[in-house]
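Throughout, a chain's letter reflects where its sequence line sits, starting with A, and its residues are numbered from 1.
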2 protein chains.
Amino acid sequence: MADGPGNSIGGENLLFLTDEQLRKGIEAMFFAYRGFTADPDRILEDHGYGRAHHRALHFINRTHGTTVNNLLSVLGVTKQSLNRVLRTLIEDGLVESRIGKTDRRERNLYLTEAGAALERTLSEAQRERMRAAYRAAGPQAVAGFRQVLEAMMDDEIRSQYNAMRERRS
Amino acid sequence: MADGPGNSIGGENLLFLTDEQLRKGIEAMFFAYRGFTADPDRILEDHGYGRAHHRALHFINRTHGTTVNNLLSVLGVTKQSLNRVLRTLIEDGLVESRIGKTDRRERNLYLTEAGAALERTLSEAQRERMRAAYRAAGPQAVAGFRQVLEAMMDDEIRSQYNAMRERRS
DNA sequence: ATTTTATGTCAGCCTTGTTGACATTCCAAG
DNA sequence: CTTGGAATGTCAACAAGGCTGACATAAAAT
C-alpha cells in the first residue's frame, strides 16, 4: 500500500483523500506543533515564563500600542487569563501599559527594550527552526504548507490572520 | 512589498526566506493549530474530557494493545500525568487495561466499543476539517504541507512518526 | 536473593484556562 | 447635568493538566 500524498487519482482528487492519509496528516500536525514550540519553551523556562507569555510578547510586538481587548480577540482567551500574564510582564518591566489617550478606559501595550530583547530571542529561535524546515522542504512545499494551514483555520480567524498582512511596525 | 511565498529569487532560495515570511508562517501555524483542535475540543467538552483524553484515545486506537510505557514516549508526558487521564478513561469504560501475556508487569491498552465510538466521533470531526483543507489547497499543496511539517519535528520524534507508517490495526 | 523494570498512587506545586464580582470610564437618554 | 448602561480592565477563586518526588507492588532479570 503506497503512502505519501502523491498518488492522486481521478479527475480531481478522489482516492487522494484516504482516511490513512488524513490520519497521517493529523499526527504530523501534532508532532510538528510540538517541535514548533520546543525551542521557545526551553528559553521561556529559564525566565520562569510559559507559552502564554510568549504569545503576548509576540502579538504586542507585532502591533505596538494594541489594547487589551484587541489582544484578547487575537489570542482567543478570557481577559482574566490574559491579565495575569500581562501583569507579570508589566511587573518584570517587559511590557509597558499606557492609559489610552482618546479613551482612558483602554490600555495601550508596548514592549520595553527588555521586552523587545526577549521577544527577539524567542522569535529568532522559532524562526530558525522554521527556516530550517523551509530550506529542507523547498519553496514549492512552503507555498503548499501555507495554503493548507490557511484552509485549516476557522473563518473568523482567517480574516484576522489576513488582516495582519501589510503592517509595518 | 509583495507577500506570499512565491517570490523565490536567487540560485537556491535566498531572498525567499525573509523574516516577514517566516513570521507569517509562525502565525499561520499558531492559528491553524487552534482550528485543528477546535472541533474535537467542543465534542470533548460535552463528555467532560480534555485534549489529554483525546490524545490517549487516538494513540491507543492506532496501536491496539500498546503499553503504558509506549504511550508515555509517544505523548511526551510523565506517567503520573498520563495515569490520571488513563484512570478516568478506564473507570468510564472507554479503555480496557489487560495484564500482559508475556510480561505480566505490562498493561496492554485497548479501546472498548464505547471508547472506539468516541474516538471515531473525535477523529471524524478532525478528519473532516483536514479533508476540507486538503480539498481547498489541492494535492500538490498537501505534499508540501507534509514535507514542511515533517522537517519541523524534532529528530527523535520524526523517527517515531515514520515508524508508524506501515501498521494495520 | 537481590536488583531492575513496569506500573500505579499519593501529595503538592505551577501554568493557564475558566467564572464571578468589582472598579473605572465613557456615552447617551432623560 | 445626572444617571444608567456599556465597555474596559483588575482581583479572587477554582479546575484541568502539566510537573517532581516519594513510595508500593509485582514480575523479570541477574
* Looking across every strand, which nucleic acid part, if any, lies under 4.0 Å from B:Gly76 by heavy atom: base, sugar-phosphate, or nothing? -> sugar-phosphate
* Identify whether any heavy atom of B:Gly48 sits under 4.0 Å from a base atom; if not, whether one sits that close to sugar-phosphate; answer base, sugar-phosphate or nothing. => nothing
* Structure fact -> Taken to the nearest whole Å, CD1/B:Ile90 to P/C:dG8 is 7 Å
* Starting from C1' on C:dC14, measure out to CG on A:Leu44 and report it in whole angstrom. => 15 Å
* Report the distance from atom CD of B:Glu45 to atom P of C:dG17, rounded to the nearest whole Å. => 15 Å
* Asked: B:Arg84 near the nucleic acid: base, sugar-phosphate alone, or nothing, with a heavy-atom cut-off under 4.0 Å?
  -> base
* Of the nucleotides C:dT7, C:dT25, C:dG17, which has the atom closest to the A:Arg104 side chain? -> C:dT25
* Check whether any side-chain N or O of A:Asn83 sits under 4.0 Å from OP1 or OP2 of D:dG9, and answer yes or no. => no
* Per A:Arg87 side chain, nearest of listed nucleotides D:dC11, D:dG17, C:dT9 -> D:dC11
* **N/O donor-acceptor pair, side chain B:Arg105 with base C:dT5, under 3.5 angstrom** => yes
* Please give, in whole Å, the distance from D:dA7 P to A:Asn70 CG? -> 15 Å
* Got a donor-acceptor pair under 3.5 Å from the side chain of B:Gln80 to the base of D:dG21? -> yes
* May I ask you to decide whether B:Glu124 forms a salt bridge with B:Arg131, counting only side-chain N to carboxylate O separations under 4.0 Å? => yes
* Would you mind classifying the nucleic acid contact of A:Ser97 as base, sugar-phosphate or nothing, using non-hydrogen atoms under 4.0 angstrom? => nothing
* To do: Round to the nearest Å and state the distance from B:His54 atom NE2 to D:dG18 atom C1'.
  => 19 Å
* Polar side-chain atom of B:Arg104 near backbone of B:Ile99 as donor-acceptor pair, under 3.5 Å -> no
* Does A:Arg55 put a side-chain nitrogen or oxygen below 4.0 Å from OP1 or OP2 of C:dG17? -> yes
* Asked: Is A:Asp154 salt-bridged to B:Arg34, cutoff N-O under 4.0 Å?
  -> no
* C:dA6 phosphate, OP1 or OP2, under 4.0 Å from B:Arg107 side-chain N/O -> no
* To do: Could you check how far CG of A:Leu82 sits from C1' of D:dT10, rounded to whole Å?
  => 12 Å
* Is any side-chain N or O of B:His53 closer than 4.0 Å to OP1 or OP2 of D:dA16? -> no
* What nucleotide among C:dT16, D:dC19, C:dT7 has an atom nearest to a side-chain atom of B:Asn69? -> C:dT7
* How close or far is atom P of C:dT7 from atom CG of B:Leu75, stated in whole angstroms? -> 13 Å
* Structure fact -> Of A:Gly100 and A:Val77, the one whose closest nucleotide on DNA chain C sits nearer the 5' end is A:Val77
* Salt bridge check: are B:Glu113 and B:Arg120 linked by an N-O gap of less than 4.0 Å? -> yes
* Structure fact -> From the candidates C:dT18, C:dT7, D:dG18, the one with an atom nearest any side-chain atom of B:Lys79 is C:dT7
* Parallel under 30°, tilted from 30 to 60°, perpendicular over 60°: which one fits the rings of B:Phe145 and B:Tyr134? -> perpendicular
* Structure fact -> Heavy-atom closest pair (B:Leu17 atom, B:Leu22 atom, distance to 0.1 Å) is O-CD1, 4.2 Å
* Rounded off to whole Å, could you give me the CG-to-P distance for the B:Leu72 and C:dA6 pair? => 11 Å
* Structure fact -> Assert: residue with more 5' nearest nucleotide on DNA chain C, out of A:Thr78 and A:Thr102, is A:Thr78
